[in-house]
Amino acid sequence: MKNIILTGDRPTGNLHIGHYVGSLANRVKLQDEGNYDKFYIMIADTQALTDNAEKVDKVKNNIIQVALDYLSVGIDPKKVNIFIQSQVPELAEMTMYFMNLVTFARLKRNPTIKEELKQRGFENQMPVGFMCYPISQAADILAFNANLIPVGDDQLPMLEQAREIARSFNTLYEEVLVEPKALTPKKKEQSRLVGLDGKLKMSKSAGNCIFLKDEPEVIKQKVMSAYTDPNHIKVSDPGQVEGNVVFEYLDAFATEESFKKYLPEYKNLEELKNHYRKGGLGDVKIKLFLNNILQELLAPIREKRKALEQNIDEIYEMLFKNAQKARKVAQETINRMKQAMGIDYLKLLKK
Ligand code: TRP
């Protein structure tokens, strides 16, 4: 079987280190392993508009920001088709047919939708388009016959919905659609990096992020402000590692190399954690260590981005060309769907 990888992001803001550990690093790895026939990354503007109808400019301006973030972490446009969702209108058409295969009750049960409704406080003001975005996301995936979908845990209900739609379609009409599978990050802590405040997942809306494009001083200032253990007041106090943002980030980013380079008096993270638990290790020291690690990670990304920013037109051209290629594939799929449903009406002509 062919491997077709597809994933995407909503262009509602710049990508941050939570995206990096949760998905971007893995995408670059998948890209470099080369074990696929096609690899698509969609900038999901249509999906972003489902709860930003009055903020079109925000979505529009962030398309290029997200594209720059992708390219600067090393996603290679020669290997991966990066495109803008709304430039493949077949996805909208497909969504119309899929809507008939999903009940309202099923949409309301979607745990991700439930969570997002709570966060956004829509109550009874929820746009229908937002409610239906899991169906449109199924189209994103099924249009390209994608079988491997690298996503964070929060997207698993979307994948389940896409699989259900594929099964319903295939059972009701004919076997046309491929049932996709999620590829979730391995290390558990990497799938949902906590925000600097230690309360919520890192997200633009919570204002608790370190962005990939942040300047060195900003990174340092954010790291120094990270939530640790409020009861660890004097250096000599015993400290708690669980729920401590600095240690959560070290779990995700520190390697043996980092210790050798920046903190050689400790062998590894276990040793550092034990010292913190016992008391005698101050927050400033662990924060400066984390700062060194993040500065090293983000410097080349920021440099590459600055170079890419000189050629914005080229990036848009790349996106537009890719959308045309993606459309061809989506058209093929929708034609096969229509045949299977028996709504390819041109066949009704006698000659
Ligand atoms: N819902 C995804 C997110 O918020 C973005 C997305 C849109 C996506 N279409 C997709 C992810 C298709 C994977 C596959 O991050």
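Numbers for residues simply follow the sequence, beginning at 1. Worth saying up front: this structure is predicted, and the values here are computed from it rather than measured.
You'll find the side chain of Ile113 reaches within 4.5 Å of the side chain of Pro134, heavy atoms only. At a threshold of 4.5 Å between non-hydrogen side-chain atoms, the residues Val80 and Ile5 do not count as touching. The closest side-chain heavy-atom distance from Gln324 to Phe83 is not below 4.5 Å. Considering only heavy atoms from C-beta on, Leu298 stays 4.5 Å or farther from Phe211 through its side chain. Looking only at side-chain heavy atoms (C-beta outward), Ile75 and Val28 come within less than 4.5 Å of each other. The closest side-chain heavy-atom distance from Met337 to Met94 is below 4.5 Å. Using a 4.5 Å cut-off on side-chain heavy atoms (C-beta onward), Asn145 and Lys2 make no contact. By the 4.5 Å heavy-atom criterion applied to side chains, Leu212 and His16 are not counted as neighbours.
Not a single donor-acceptor pair under 3.5 Å links the side chain of Glu93 to the backbone N or O of Pro89. A distance-only check finds a donor-acceptor pair linking the side chain of Asp69 to the backbone of Leu15 [under 3.5 Å]. In terms of modelled atom types and a separation under 3.5 Å, the side chain of Thr333 and the main chain of Ala143 share a donor-acceptor contact. With hydrogens and angles ignored, the 3.5 Å screen pairs a side-chain donor or acceptor of Asn52 with a backbone N or O of Ala48. Counting only distance, with no hydrogens or angles, the side chain of Asn147 and the backbone of Pro180 share no donor-acceptor pair below 3.5 Å. Judged purely by atom type and a 3.5 angstrom limit, Glu174 has no side-chain atom pairing as donor or acceptor with the backbone of Met341. Distance alone, capped at 3.5 Å, places no donor-acceptor pair between the Lys181 side chain and the Leu148 backbone.
Side chains of Lys204 and Asn14: no donor on one and acceptor on the other come within 3.5 Å. In the model, Thr171 has no side-chain atom that pairs as donor or acceptor with a side-chain atom of Ser168 under 3.5 Å. Using modelled atom types and a 3.5 Å distance limit, the side chains of Asp344 and Gln339 yield no donor-acceptor pair. For the residue pair Gln85 / Gln47, no side-chain donor-acceptor distance below 3.5 Å is found, with atom types taken as modelled. Donor-acceptor pairing under 3.5 Å is lacking for the side chains of Gln31 and Asp76. Between the side chains of Gln331 and Arg336, no donor-acceptor pair of N or O atoms lies under 3.5 Å.
With sequence neighbours left out, the salt bridge (charged side-chain N to carboxylate O under 4.0 Å, His left out) criterion links Glu332 to no other residue. In this structure, Phe98 has no ring pair (Phe, Tyr, Trp, His ring centres under 6.0 Å) partners at least two apart in sequence or on a different chain. Listed by chain and number, the residues in a side-chain hydrogen bond (donor to acceptor under 3.5 Å, both in side chains) with Ser136 amount to none (sequence neighbours excluded). Residues passing the side-chain hydrogen bond (donor to acceptor under 3.5 Å, both in side chains) test with Glu116 are Arg10, Tyr133, sequence neighbours excluded. By the salt bridge (charged side-chain N to carboxylate O under 4.0 Å, His left out) test, Arg106 is found to be paired with Glu164, residues two or more places apart in sequence or in another chain being considered.
Counting all heavy atoms, side chain and backbone alike, Thr112 lies closest to Pro157 at OG1-CG, 3.2 Å. Nearest approach of Thr50 to Pro127, heavy atoms of both residues: O-CG, 3.6 Å. The two residues Gly8 and Arg27 have their closest heavy-atom pair at O-NH2, 3.8 Å. Pro11 and Val66 get closest at one heavy-atom pair: CA-CG2, 3.9 Å. Taking both residues in full, the closest heavy atoms of Phe39 and Lys79 are given as CB-O, 4.1 Å, listed atom of the first, atom of the second, then distance. Taking both residues in full, the closest heavy atoms of Ile165 and Leu142 are given as CG2-CD1, 4.0 Å, listed atom of the first, atom of the second, then distance.
Atom CG in Asn26 sits 9.5 Å away from atom OG1 in Thr7 (nearest 0.5 Å).
In this structure, Asp154 pairs ionically with Lys201, as a charged nitrogen and a carboxylate oxygen lie closer than 4.0 Å. The pair Glu115-Lys118 meets the salt-bridge criterion, since a charged nitrogen lies less than 4.0 angstrom from a carboxylate oxygen. By the 4.0 Å N-to-carboxylate-O rule, Lys261 lies too far from Glu257 to be salt-bridged with it. The pair Arg167-Glu160 meets the salt-bridge criterion, since a charged nitrogen lies less than 4.0 angstrom from a carboxylate oxygen. A salt bridge does not link Lys220 to Glu215: none of the charged nitrogens lies less than 4.0 Å from a carboxylate oxygen.
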message: Between Leu68 and Ile312, is the side chain to side chain contact (heavy atoms under 4.5 Å, CB included) condition met? List the steps.
response: CA-CA 9 Å; Leu68 283 165; Ile312 296 293; 4.1 Å; yes
task: Under the side-chain hydrogen bond (donor to acceptor under 3.5 Å, both in side chains) rule, what do Lys38 and Asn81 come out as? Steps first, then yes or no, please.
output: CA-CA 8 Å; Lys38 290 258 174 64; Asn81 180 331; over 6 Å; no
Leu49 vs Val56, side chain to side chain contact (heavy atoms under 4.5 Å, CB included): CA-CA, chis, key distance, verdict: CA-CA 7 Å; Leu49 287 170; Val56 177; 4.1 Å; yes
- prompt: Step by step, would you call Gln161 with Arg109 a side-chain hydrogen bond (donor to acceptor under 3.5 Å, both in side chains)?
  reply: CA-CA 11 Å; Gln161 180 70 84; Arg109 273 203 313 270; over 6 Å; no
- prompt: Should Leu30 and Tyr36 be marked as a side chain to side chain contact (heavy atoms under 4.5 Å, CB included) after you check the CA-CA gap, both sets of side-chain angles, and the distance that decides it?
  reply: CA-CA 8 Å; Leu30 286 169; Tyr36 55 84; 5.6 Å; no
task: Could you walk me through whether Leu290 and Phe247 pass the side chain to side chain contact (heavy atoms under 4.5 Å, CB included) test, one step at a time?
output: CA-CA 9 Å; Leu290 175 64; Phe247 280 103; over 6 Å; no
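For Phe289 and Phe259, the distance between ring centers is under 6.0 angstrom.
Leu156 and Val21 sit in two unconnected hydrophobic clusters of ILVMFWY residues. Membership requires side-chain heavy atoms under 4.5 Å apart, directly or through other members. Cluster membership for Met126 and Phe104, using ILVMFWY side-chain heavy atoms within less than 4.5 angstrom, is shared. Hydrophobic cluster membership is shared by Tyr70 and Phe320, with clusters built from Ile, Leu, Val, Met, Phe, Trp and Tyr side chains linked at under 4.5 angstrom. Put simply, Val59 and Ile315 are part of two different groups of oily side chains (I, L, V, M, F, W, Y) that touch within less than 4.5 Å, one to the next. Note: the hydrophobic cluster containing Leu117 does not contain Leu200 (ILVMFWY, side chain heavy atoms under 4.5 Å, direct or indirect links).
The salt bridge (charged side-chain N to carboxylate O under 4.0 Å, His left out) test with Lys267 singles out one residue from Glu270, Glu271, Glu265, and that residue is Glu271.
Every pair passing side-chain hydrogen bond (donor to acceptor under 3.5 Å, both in side chains) that includes a residue from residues 222-242 is listed here, sequence neighbours excluded: Asp214-Lys222, Thr228-Asp283, His232-Tyr276, His232-Asp283, Glu242-Arg277.
Under a cut-off of 6.0 angstrom, the local environment of CD in Gln125 is sparse, with at most 12 non-hydrogen atoms contributed by other residues, nucleotides or ligands. More than 12 heavy-atom neighbours from other residues, nucleotides or ligands sit within 6.0 angstrom of CG on Asp197.
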